[in-house]
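One structure is given below, encoded as structure tokens.
Below, read A as the first sequence line, B as the second, and so on, with proteins coming before strands; counting in each chain starts at 1. Please read all numbers here as calculations on a predicted model, not as lab measurements.
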Number of protein chains: 2
Amino acid sequence: MDKKQENKKVFLEIVNQLRQLIKHEGIKPGEKLPSERVLSERLNVGRSSVREALRSLELLGLIETRHGGGTFLSSVSSNQLVELLASFILQENKAIEDVHIVRRMHEKEAIRVICSEQSLRSLPVWESLFMKLELENEIVRDLLLREIMIASGNRLALKIWLQLVAYSATPLKKLSTEEEKPMLQRLVKSLQLGYENEATSAYENWMHYLKNSSS
Amino acid sequence: MDKKQENKKVFLEIVNQLRQLIKHEGIKPGEKLPSERVLSERLNVGRSSVREALRSLELLGLIETRHGGGTFLSSVSSNQLVELLASFILQENKAIEDVHIVRRMHEKEAIRVICSEQSLRSLPVWESLFMKLELENEIVRDLLLREIMIASGNRLALKIWLQLVAYSATPLKKLSTEEEKPMLQRLVKSLQLGYENEATSAYENWMHYLKNSSS
DNA sequence: TAATGGAAAGTGGTCAGACCACTTTTAAGC
DNA sequence: GCTTAAAAGTGGTCTGACCACTTTCCATTA
């Protein structure tokens with residue numbers, strides 16, 4: 001049995017070779033790449049294969065093509081762009097930390113949105129959540145966050161967030177502790193009042209607490 | 001003389017048509033797309049053009065191809081989030097506003113991240129961009145934003161952002177105007193200095209200008 | 001009848017060649 | 001030397017062909 005991992009897409013291999021060529025040839029941003037015909041000859045592949053690779057790079061914005069003029073490396077700092085390419089090719093998705101960061105970004109933004117809109121601030125759900133905190137002394141953590149995401153009203157952001165949550169290591173039904181209570185109350189209250197800074201601060205406190213308590 | 005603005009990349013047009021076809025046909029994630037030969041016939045384009053479009057979508061992770069098997073809308077693959085975005089962006093029509101909002105959110109957050117990290121603020125790319133603004137008086141809009149997203153260092157966010165951009169209605173090569181210059185300079189400068197509020201404000205000004213000037 | 005095996009059809013992967021449209025370069029003509 | 005038209009270069013697209021792989025289908029067999 002051969003290694004399945006070597007099943008690299010061939011057109012990705014071409015993309016990779018293009019990357020090396022750019023590096024080796026020292027082609028700077030804004031400069032011209034060899035023509036498609038030359039590339040196909042140098043890489044020993046058909047012109048159409050070269051084009052498939054180039055179109056991919058174009059959709060990513062890494063190159064620009066001018067009809068009749070040629071193909072050019074996008075201007076500005078190529079080092080970053082080249083490295084970016086590598087991360088795409090090598091499928092470096094292992095950054096779990098990135099998932100957390102993006103998730104928190106969405107949550108924070110949702111809080112901002114809610115604070116800045118009277119109609120969202122006055123949703124009955126906040127009062128309900130606040131009461132629940134008072135009476136039951138505990139609350140499902142993700143329930144609050146989910147309500148926040150839903151209330152912010154962006155379906156795409158909500159979908160992304162749900163996916164991110166699914167990826168997060170944190171169990172869905174984790175209950176909040178007694179210690180979290182004041183933070184949560186502060187968050188919900190300032191949310192209702194539209195105190196953006198206060199709400200954001202409360203949120204960050206909460207996240208900081210969760211981070212430390214889990215380790 | 002015709003308007004130069006109509007210089008739509010044809011392979012991008014095919015990408016769009018594919019989107020419509022997927023929506024109209026009701027193709028769900030994980031399901032099979034029509035074969036390349038069928039697509040080329042239905043869209044009245046050559047098979048090679050279809051392939052160029054498909055390869056672009058593949059590099060973005062929106063579709064999967066199996067040699068001899070067919071082409072499929074991404075489903076349970078390496079990155080489910082990519083699949084989610086694929087289905088959302090490819091299928092939902094009226095959600096363009098949501099796409100914009102999420103995109104702007106990612107950009108704003110990236111700006112915040114850069115401002116708060118010395119090593120990111122001092123990247124040479126900012127000086128380069130600033131010089132370019134000074135000398136050439138114009139700059140490709142998305143180039144600046146792309147650099148910001150790359151510099152922020154979150155690959156997941158970058159991947160999300162790239163997909164959002166790929167399906168935004170805004171042309172990739174739109175140049176900034178003379179009026180935008182001060183806003184862009186302010187953004188880049190405050191980015192370098194780490195003035196988060198100033199940078200965010202400049203960004204929002206810029207976006208506000210773009211929104212009004214396009215309508 | 002159910003299982004098996006292999007042929008046939010379907011599909012993506014790649015290549016070569018041919019045009020076209022547009023840009024850049026070259027060279028002719030003034 | 002300058003202008004301008006022809007030529008060369010380059011990306012854009014289509015067609016047809018062949019290969020490699022997968023799926024489907026059906027006849028043969030146990």
Side-chain angles (χ1 to χ4, degrees), chain A residues 1-18 21-22 25 27 30-74 89, chain B residues 1-18 21-22 25 27 30-75 77 171-173:
Chain A
M1 297 292 270
D2 283 346
K3 289 295 179 62
K4 201 175 84 174
Q5 295 188 340
E6 299 295 12
N7 279 0
K8 286 200 160 188
K9 298 283 178 184
V10 183
F11 101 97
L12 279 184
E13 182 56 32
I14 295 180
V15 171
N16 209 355
Q17 286 185 308
L18 278 178
L21 184 143
I22 291 172
E25 215 78 2
I27 300 177
E31 288 182 1
K32 197 169 163 186
L33 269 64
S35 74
E36 296 177 350
R37 290 168 178 84
V38 171
L39 282 176
S40 82
E41 192 174 301
R42 298 233 324 236
L43 302 180
N44 275 313
V45 293
R47 191 183 154 209
S48 52
S49 294
V50 170
R51 281 184 61 79
E52 290 182 10
L54 289 178
R55 287 300 77 72
S56 300
L57 298 187
E58 185 174 7
L59 193 63
L60 285 182
L62 299 182
I63 61 173
E64 298 174 10
T65 47
R66 302 173 201 161
H67 190 179
T71 306
F72 300 80
L73 203 57
S74 284
I89 295 169
Chain B
M1 296 295 271
D2 284 348
K3 287 297 177 63
K4 202 175 84 176
Q5 296 189 340
E6 298 296 12
N7 277 2
K8 285 193 157 187
K9 294 284 175 184
V10 181
F11 98 97
L12 278 182
E13 182 57 32
I14 295 179
V15 170
N16 263 335
Q17 286 185 306
L18 279 177
L21 184 143
I22 289 171
E25 217 76 3
I27 300 176
E31 289 182 359
K32 196 168 162 187
L33 268 63
S35 74
E36 296 177 352
R37 289 170 178 83
V38 171
L39 282 177
S40 81
E41 192 175 302
R42 299 234 322 239
L43 303 181
N44 276 312
V45 293
R47 192 183 153 208
S48 53
S49 294
V50 170
R51 282 184 58 81
E52 290 183 9
L54 289 178
R55 288 301 77 70
S56 300
L57 295 183
E58 185 175 6
L59 190 64
L60 284 181
L62 299 181
I63 61 173
E64 293 175 10
T65 47
R66 301 173 201 161
H67 189 179
T71 306
F72 301 79
L73 257 193
S74 281
S75 62
S77 60
L172 271 173
K173 298 190 182 303

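- Taking atom CZ of A:Arg55 as the reference point, atom P of C:dT14 lies 16 Å away to the nearest angstrom.
- Scanning for salt bridge (charged side-chain N to carboxylate O under 4.0 Å, His left out) contacts around B:Glu25 gives B:Arg42, with sequence neighbours left out.
- A:Leu54 contributes atom CG, which lies 8.0 Å from atom OG1 of A:Thr65 (distance to the nearest 0.5 angstrom).
- Between the CD atom of B:Glu36 and the C1' atom of C:dT14 there is a distance of 11 Å, rounded to whole Å.
- Residues satisfying the side-chain hydrogen bond (donor to acceptor under 3.5 Å, both in side chains) criterion with A:Arg51, sequence neighbours excluded, are A:Glu36, B:Glu52.
- One can place CZ of B:Arg66 at 17 Å from C1' of D:dA20, the figure rounded to the nearest angstrom.
- Of the residues in residues 40-54 of chain A, those with a non-hydrogen atom less than 4.0 angstrom from any atom of DNA chain D are A:Arg47, A:Arg51.
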Considering only nitrogen or oxygen atoms on both sides, find all protein atoms under 3.5 Å from nucleotides 6-9 of chain D and state each distance.
unit_1 : atom_1 : unit_2  : atom_2 : d
D:dG9  : N2     : A:Gly68 : O      : 2.9

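- Residue B:Ser56 holds its OG atom at 10.0 Å from CD1 of B:Ile14, rounded to the nearest 0.5 Å.
- Atom C1' of nucleotide D:dG12 and atom CG of A:Leu39 are separated by 16 Å, given to the nearest angstrom.
- Applying the side chain to side chain contact (heavy atoms under 4.5 Å, CB included) criterion to A:Ser40, with sequence neighbours excluded, gives A:Arg47, A:Val50.
- One interatomic measurement links the two molecules: CD of A:Gln17 to P of C:dT14, which rounds to 12 Å at whole-angstrom precision.
- Rounded to an integer number of Å, the gap from B:Phe72 CZ to C:dG12 C1' is 11 Å.
- Not one side-chain nitrogen or oxygen of A:Arg37 sits closer than 4.0 Å to the OP1 or OP2 atom of C:dA16.
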Inset, instruction - Could you go through the side-chain contact (heavy atoms from CB on, under 4.5 Å) check for B:Gln17 and B:Leu43 one step at a time? - result: CA-CA 8 Å; B:Gln17 286 185 306; B:Leu43 303 181; 4.1 Å; yes
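- Among residues two or more places apart in sequence or in another chain, the salt bridge (charged side-chain N to carboxylate O under 4.0 Å, His left out) test is passed with B:Arg37 by none.
- A:Leu21 approaches A:Leu39 most closely through the heavy-atom pair CD1-CD2, 3.9 Å.
- Considering only residues two or more places apart in sequence or on other chains, A:Glu41 meets the side chain to side chain contact (heavy atoms under 4.5 Å, CB included) condition with none of them.
- Note on B:Thr71: every side-chain N or O is 4.0 Å or more away from OP1 and OP2 of C:dT11.
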